[in-house]
2 protein chains.
Amino acid sequence: MLHHSILETLPRELQKEALERIQVMRFPAGKILFRAGEHCQGLPLMLSGAVKVQMTGVSGNSIVLYRMGADDICTLSIGCLMTGCGYRAEAFVEEESEAAMVPRGLFDRLMDQSAAFRLGIMESYGRRLDDLMLLVEEVAFRRMDERLEEWLEARRSPIHITHQELAVELGTAREVVSRLLKELERKDRVQLSRGRIDVKGL
Amino acid sequence: MLHHSILETLPRELQKEALERIQVMRFPAGKILFRAGEHCQGLPLMLSGAVKVQMTGVSGNSIVLYRMGADDICTLSIGCLMTGCGYRAEAFVEEESEAAMVPRGLFDRLMDQSAAFRLGIMESYGRRLDDLMLLVEEVAFRRMDERLEEWLEARRSPIHITHQELAVELGTAREVVSRLLKELERKDRVQLSRGRIDVKGL
DNA sequence: CCACCAGTGTGACTTTATCACTGAACTGCT
DNA sequence: AGCAGTTCAGTGATAAAGTCACACTGGTGG
């Protein structure tokens, strides 16, 4: 089902046109939506699922920048679309996802014709910028043990993830995650097993 | 003199209207352009000068996120303008600056009427997002001594800055900067004095 | 049943962050 | 000039985080 709030805001006629020109795509879990350096073909409006956007530095280390879920807009694609530059990050499909692909021409037309569409795009940009600013602060100044605990608290147990993946989430090294987790296990706050973490929220 | 490339792109009539509604403001060095939490009144188009945008985390530590110079657009303000949220960062005027303030109404009108204006705004957003992504990677993975050296190389000696300010530039602690600089001095790569660093580019 | 391998644990060491304090350099005052 | 107050810089001690090297372990698939 094609449902995205930014499309709801369009006047009847424009909406009809949009629906005709939009192509809904389905991405299985595990797929790479785009890689660093690739050029983008259209603006994806997320309809369902979950996608993580991460980048890999010159050092070879990676960090998750943010996630996209239902009703999100792939802000990164806008920049690529407008400037013709390639992506700097890569997007990895975590759960099977659907996205409505808005081709360049339609995007221009919607930006031209609908103030509400523009507002939606700008809000999305603003939010992403905010997210990244918070991430910078987090990475620069916050303690890793705190960040790890918060990350764990924010999901529901059991969490299926490897220490390596968790390290990428937090932008640190695998060994650091292993040690901090082990410490938490000693404090009886989690139960560790291969590829799985059970958080004991007592 | 009011000259900003995004205004050049406007068709004659719209440009005339813009020039009428825009107010040029002058900010002396040392002034705070905006603080965290404040709401913004219009979109500043930088005409001249230099402004650094930095944020202070919950920990009390600060980090410089990016700088704005002539012909830049204050991307952060767009988000505040559109969503009505306050700024998350603060902007500090480093060199006396002039900015053309585009009021909300005019901004909406320009977005509505000019594709070129929209493109300019989007490009600016895209660049900022890119900058922040690079910063995240830098802060998360790169070594401080390398980053410090690069920072020093990128300006011309002598550099007038305190260790504390330099720490904020790099998002680290003052002591770390002091020690690394001292180390560089021992290697005869710099000459230190109070509030000043002479880089010996041999 | 065993080889293989991704995932995990850990010691040793380096780099960075934090805390606490000292001293040095500038400023403005008398 | 002499002094007090303030900002800036240096440094030891210690903790946190990152890096490197390598051992172990639980699954998977011959």
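The chains referred to below are lettered A, B, ... by the order of the sequence lines, with proteins before strands, and numbering in each begins at 1.
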(request) Can you spot which of A:Arg147, A:Arg67, A:Gln54 makes a side chain to side chain donor-acceptor pair (under 3.5 Å) with A:Glu169? (result) A:Arg67
Would you list the protein and nucleotides 26-30 of chain D atom pairs, both N or O, that sit under 3.5 Å from each other?
from: D:dG26; atom 1: N2; to: A:Arg194; atom 2: NH2; distance (Å): 3.4

(request) Please name all residues satisfying side chain to side chain contact (heavy atoms under 4.5 Å, CB included) with B:Thr56, sequence neighbours left out, ordered by chain then number. (result) B:Ser62
(message) Please determine whether a side-chain nitrogen of the Lys or Arg among B:Asp198 and B:Arg196 lies less than 4.0 Å from a carboxylate oxygen of the Asp or Glu.
(response) yes
(request) Provide the start and end nucleotides, 5' to 3', of the part of DNA chain C that has atoms under 4.0 Å from heavy atoms of chain A. (result) C:dA6 to C:dA12
(request) Sugar-phosphate atoms are those with a prime plus P, OP1 and OP2; base atoms are the rest. Using that split, label each nucleotide of nucleotides 11-18 of chain D B, S or - for protein heavy atoms under 4.0 Å, 5' to 3'. (result) BBB--SSB
(request) Locate the shortest heavy-atom distance separating A:Phe141 from B:Thr172; write the atom from each residue and the value. (result) CE2-N, 4.5 Å
(message) How long is the straight-line distance from CG of A:Leu152 back to CD1 of A:Ile159, given to the nearest 0.5 Å?
(response) 5.0 Å
(message) Check A:Asp108 with B:Arg118, please: is the shortest side-chain N to carboxylate O separation under 4.0 Å?
(response) no
(message) Ignoring hydrogens, what is the shortest heavy-atom contact between B:Ala167 and B:Val177? Give both atom names and the distance.
(response) CA-CG2, 3.6 Å
(message) Check this for me: B:Arg186, atom CZ, are more than 12 non-hydrogen atoms of other residues, nucleotides or ligands nearer than 6.0 Å?
(response) yes
(request) Over all heavy atoms of both residues, which pair between A:Pro44 and A:Ser77 is shortest? Give the atoms and the distance, please. (result) CD-OG, 3.4 Å
Under 3.5 Å donor-acceptor pairs involving side-chain atoms of residues 20-43 of chain A, not counting sequence neighbours:
from: A:Arg21; atom 1: NH1; to: A:Glu17; atom 2: OE2; distance (Å): 3.2
from: A:Arg26; atom 1: NH1; to: A:Glu98; atom 2: OE2; distance (Å): 2.9
from: A:His39; atom 1: ND1; to: A:Gly84; atom 2: O; distance (Å): 3.0

(message) Which residues in residues 152-164 of chain B have a heavy atom closer than 4.0 Å to any atom of DNA chain D?
(response) B:Thr162, B:His163
(message) Using a 6.0 Å cut-off, check whether atom CZ of A:Arg142 has over 12 heavy atoms from anything other than its own residue.
(response) yes
(message) Any salt bridge linking A:Asp112 with A:Arg109? Criterion: basic side-chain nitrogen under 4.0 Å from a carboxylate oxygen.
(response) no
